[in-house]
Amino acid sequence: MPATVQSVVTIAREGEIAVVTVDNPPVNALGQALRQGLWDAAVALDADPAVRAVVLICAGRTFIAGADVREFGKPPMEPHLPDLVNRIEAAAKPWVAAIHGSALGGGYEMALGCRFRVALDSASVGLPEVSLGIVPGASGTVRTPRLAGVAAAVDLVTGGKPVKAAKARALGLVDAVVSGDLRAEAIAFARDALTKPLPLPISQRPVSAPEPGFWAEQETAITKRAKGEAAPLRALACIRKAVEAPFFDALAFERETFLSLRGSDQAAALRAVFFAERAAPRPVHLGDVRPLPLAKAGVIGGGTMGAGIAAALLDAGLPVVLVERDAEAVARGLANLGAIFEGGVKRGKLTEAQAAAHMAGVTGTTDYAALHDADLVIEAVFEEIGVKRAVFAQLAAACRSDAVLATNTSYLDPRLIVGGLANPARFIGLHFFSPANVMKLLEIVPVPETAPETLATGFALARALNKIPVEAGICEGFIGNRILKRYRAAAEALVRGGTTIAAIDAAMRGYGFAMGPFEAQDLGGLDIAFLQREGARAAGQAVPETLGDILVRAGRKGQKTGGGWYDYAPGARAPLPSTGVAALLAPHVTPGAAAMEGAAIADHLVAEMAAEGRTILAEGIARHPSDIDLVEIHGYGFPRWRGGPMHATARRG
Ligand code: T1G
Ligand code: NAD
């Protein structure tokens, strides 16, 4: 009978092999109770003379997925994880980690404390701590270089990306890759290991110093890649310490680094985003409403968005019917789609065969009858209400009455697009972001009649496409474009107040954005927003003139016209402050007004975004502040390690 040391840890016996099974749903995270249970198991098994080796295995979906991130805000409790890992390593009998799912962070560190690591062929291992703004805190930076060498350790720890079993085996991060019954295979591995001399515990293995110049090269590369995040460079320093100092000194240095980062603003932000991202695809308010089955999709319009959306659907294995206006437009749409997959092949994201298989999954046509068995159809035609209404009228006639019909509109009111059509319960807005096969954000915009099942289907689609869904109420620009409008207006107000365009962009890049608001407009084109404003004016709305309007009217639409907010040398993309723009805008700048400097600019503009976010929450357009942060991070390039405008301003108090 298995003796239960703790409810989360049970011990069974297979002859001379003890099997320690961890069962701590949902991902066997190393909370205090589990750490205590494993500590007690090590003590009990050391004392049992009949046990010659131990297999550590987990129930559920994965091996230990790491420390319990929910404990990070609290004072660390004993047994501390590095002590537990050392205790397992010092056990009288060799432990064999049997890994399935993802052995991540503290989970992989537990495996490093074992004498051997056996991975199921579908498993992966990793040290993703830097993505949480910290470094491994239980010997990951000290044991990994001793197990797999410095270069592999630097990649694994400073990149934070998991490694699949086969590659892990090649790197030496695991000792064997098995298929089928992991428990049986690990027991057999343990028995076989007992017939040979045991390898040294990892902490006693030597570590070779890298080539001269290695550390400086890595420091330069990581600084460039980290874009303001502190943890990757600190992780590199830990690995260097592991090479240059005795094991326990390096371990102490790592622990000190981990504890110092754990309370940092960046770690708090990245933890908040981590939990928001996990909560987003399964909204609590939907309860257990079942989504409709999705086996076949339709996309109307094969332009920028339609092709991107079709690519995302095909990437997820959904066959697609792509409908366009005429044969020429169908050919163009398919060519757009083919170009997306060719790009994927060039970047090594897809093989030629996969790209061909994706293209085999799409049918291009002008005939709406081809949509008769589609479960979901997404419209992505011109942003004109008449065109969209005509398309939905055709869809209502051609599709099943229960097919979900979605519009990808950016600014039109979905209620006006589908108003008057039968079966309104199946309508919804699905606002993808360009490029739709890359950007993870999906704003889900129900109309008043949208059925819960339709809404649940929108979230199920997001899960299938590996996107981050955020439900938005109906207003101009929903959540993201509404905040973008406020952000741009606030930036223009700073220009009117005497702050230079270049200073504003530099401040936002310094804050962590890839580019500032003016550079971004030059890249995307000033005319898109200009046309949207002109459309609103034509519809009778009072839309004050913006500085952007002045530039567009002067023919300055951005890089595509050789100049926008900035000048550009012919064929170049580097933004050059423009005396022409300064002259154009001079009449609109308040002379002597207090110009802002550096970080104050960014704090002010982020505060403006958060102010709009608070209004959006008050109006019920968004449900949670974290939803707004996800929109900004995944739709508009807000630096993840700042947590989003709502988190950042709340943290600043
Ligand atoms: N701690 C606590 N809860 C966690 C968790 C964690 N580490 N990881 C996931 N969860 C919860 C998650 O919030 C969700 O909860 C549920 O588990 C399913 O997650 C000392 C200090 C493992 C690949 O960074 O990458 O170890 O919403 O929806 O898609 O050096 O979760 O159901 O209530 O993501 O199957 C390092 C993070 C920690 C792993 C599974 N470890 N997790 O993906 O499920 S730091 C990580 C993941 C550390 C040591 C350091 C993924 C997954 P709920 P899910 P999934
Ligand atoms: P686009 O001009 O690139 O593509 C529109 C496509 O619709 C064209 O290929 C056109 O041939 C096709 N089309 C027009 N009338 C049609 C009809 N009756 N039947 C079938 N096809 C028809 O436009 P886009 O940038 O892809 O935008 C499409 C929609 O997506 C718009 O509503 C836009 O607001 C929205 N959107 C655009 C972006 C963006 O960044 N471009 C982002 C999010 C949402």
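For ligands, and for the atoms within them, numbers begin at 1 and follow the listed sequence. No experiment lies behind these values; they were computed from the predicted model shown.
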Nearest heavy atom to atom 34 (O) of ligand 2: which of Glu443, Gln532, Lys388, Glu383 does it belong to?
Glu383
Arg463 CZ: over 12 foreign heavy atoms closer than 6.0 Å
yes
I'd like the name of whichever of Ala380, Ser434, Gly306 reaches closest to atom 5 (C) of ligand 2 through any heavy atom.
Ala380
Indicate whether any N or O donor in one side chain lies under 3.5 Å from an N or O acceptor in the other, for Ser410 and His431.
yes
Rounded to the nearest 0.5 angstrom, the OG1-CG distance for Thr366 and Leu322 is 11.0 Å
When Val85, Val142, Thr141 are each screened for side chain to side chain contact (heavy atoms under 4.5 Å, CB included) with Leu251, the one that passes is Val142
Please check if any side-chain donor atom of Glu379 sits under 3.5 Å from a side-chain acceptor atom of Thr407, or the reverse.
yes
Give the numbers and elements of all ligand 2 atoms closer than 4.0 Å to a heavy atom of His431.
43 (C), 44 (C)
In short, Leu337 meets Met359 closest at the heavy-atom pair CG-SD, 3.9 Å
Hydrogens and angles aside, do Glu383 and Thr409 bring a side-chain donor and acceptor to less than 3.5 Å of each other?
yes
Which of these passes side chain to side chain contact (heavy atoms under 4.5 Å, CB included) with Phe433: Met305, Met439, His634?
Met439
What are the atom names and distances for all N or O pairs under 3.5 Å between ligand 1 and the protein?
residue: ligand 1; atom: 1 (N); partner: Val69; partner atom: N; Å: 2.9
residue: ligand 1; atom: 3 (N); partner: Arg70; partner atom: NH1; Å: 2.8
residue: ligand 1; atom: 7 (N); partner: Ala67; partner atom: O; Å: 3.0
residue: ligand 1; atom: 26 (O); partner: Ala67; partner atom: N; Å: 2.8
residue: ligand 1; atom: 26 (O); partner: Gly106; partner atom: N; Å: 2.8
residue: ligand 1; atom: 30 (O); partner: Glu109; partner atom: OE1; Å: 2.6
residue: ligand 1; atom: 30 (O); partner: Glu129; partner atom: OE2; Å: 2.7
residue: ligand 1; atom: 30 (O); partner: Gly137; partner atom: N; Å: 2.8
residue: ligand 1; atom: 31 (O); partner: Arg278; partner atom: NE; Å: 3.4
residue: ligand 1; atom: 34 (O); partner: Arg278; partner atom: NE; Å: 2.7
residue: ligand 1; atom: 35 (O); partner: Arg61; partner atom: NH1; Å: 2.6
residue: ligand 1; atom: 41 (N); partner: Ala65; partner atom: O; Å: 2.8
residue: ligand 1; atom: 44 (O); partner: Arg61; partner atom: NH1; Å: 2.8

Would the number of heavy atoms belonging to other residues, nucleotides or ligands and lying under 6.0 Å from NZ of Lys164 be above 12?
no
How long is the span from the CD atom in Glu129 to the OG1 atom in Thr158, to the nearest 0.5 Å?
12.0 Å
Taking only heavy atoms of Tyr368, which atoms of ligand 2 are found under 4.0 Å from at least one of them?
19 (N)
Does a side-chain N-to-carboxylate-O contact under 4.0 Å join Arg640 and Glu229?
no
Would you call Glu89-Arg143 a salt bridge at under 4.0 Å N-O?
yes
Heavy atom of Phe433 under 4.0 Å from ligand 2?
no
Shortest reach to atom 31 (C) of ligand 2 by a heavy atom, considering only Thr409, Val299, Val381
Val381
Within ligand 2, which atoms have a heavy atom of Ser410 less than 4.0 Å away?
34 (O), 35 (C), 36 (N), 37 (C), 42 (C), 43 (C), 44 (C)
What residue and heavy atom of the protein are closest to atom 16 (C) of ligand 2, and at what distance?
Arg325 CG, 3.2 Å
Where on Phe432 is there a heavy atom closer than 4.0 Å to ligand 2, on the side chain, on the backbone, on both, or on neither?
backbone
Considering Gln394, Glu324, Met305 one by one, which has a heavy atom nearer to atom 8 (C) of ligand 2 than any of the others?
Glu324
Check Asn408 against ligand 2 and report side chain, backbone, both or neither, counting heavy atoms closer than 4.0 Å.
both
Closest non-hydrogen atom pair between Thr62 and Asn28, with its separation
O-ND2, 2.7 Å
Report, in ascending order of atom number, the atoms of ligand 2 lying under 4.0 Å from any heavy atom of Ile300.
19 (N), 20 (C)
Tell me which protein heavy atom sits closest to atom 2 (O) of ligand 2, plus the residue, atom name and distance to 0.1 Å.
Phe382 CE2, 3.5 Å
In terms of atom number and element, which parts of ligand 2 are under 4.0 angstrom from non-hydrogen atoms of Thr304?
3 (O), 25 (O), 26 (O)
Exercise: identify the closest heavy-atom pair between Leu81 and Ala138
CG-CB, 3.7 Å
Does atom 23 (O) of ligand 2 have a protein non-hydrogen atom under 4.0 Å from it?
no
Under 4.0 Å from a heavy atom of Gly303: give me the atoms of ligand 2 that qualify, with their elements.
3 (O), 4 (O), 6 (C), 9 (O), 26 (O)
In terms of atom number and element, which parts of ligand 2 are under 4.0 angstrom from non-hydrogen atoms of Val387?
15 (N)
Just heavy atoms, cut-off under 4.0 Å: does Val391 contact ligand 2 by side chain, backbone, both, or neither?
side chain
Salt bridge present between Glu534 and Arg537 (N-O < 4.0 angstrom)
yes
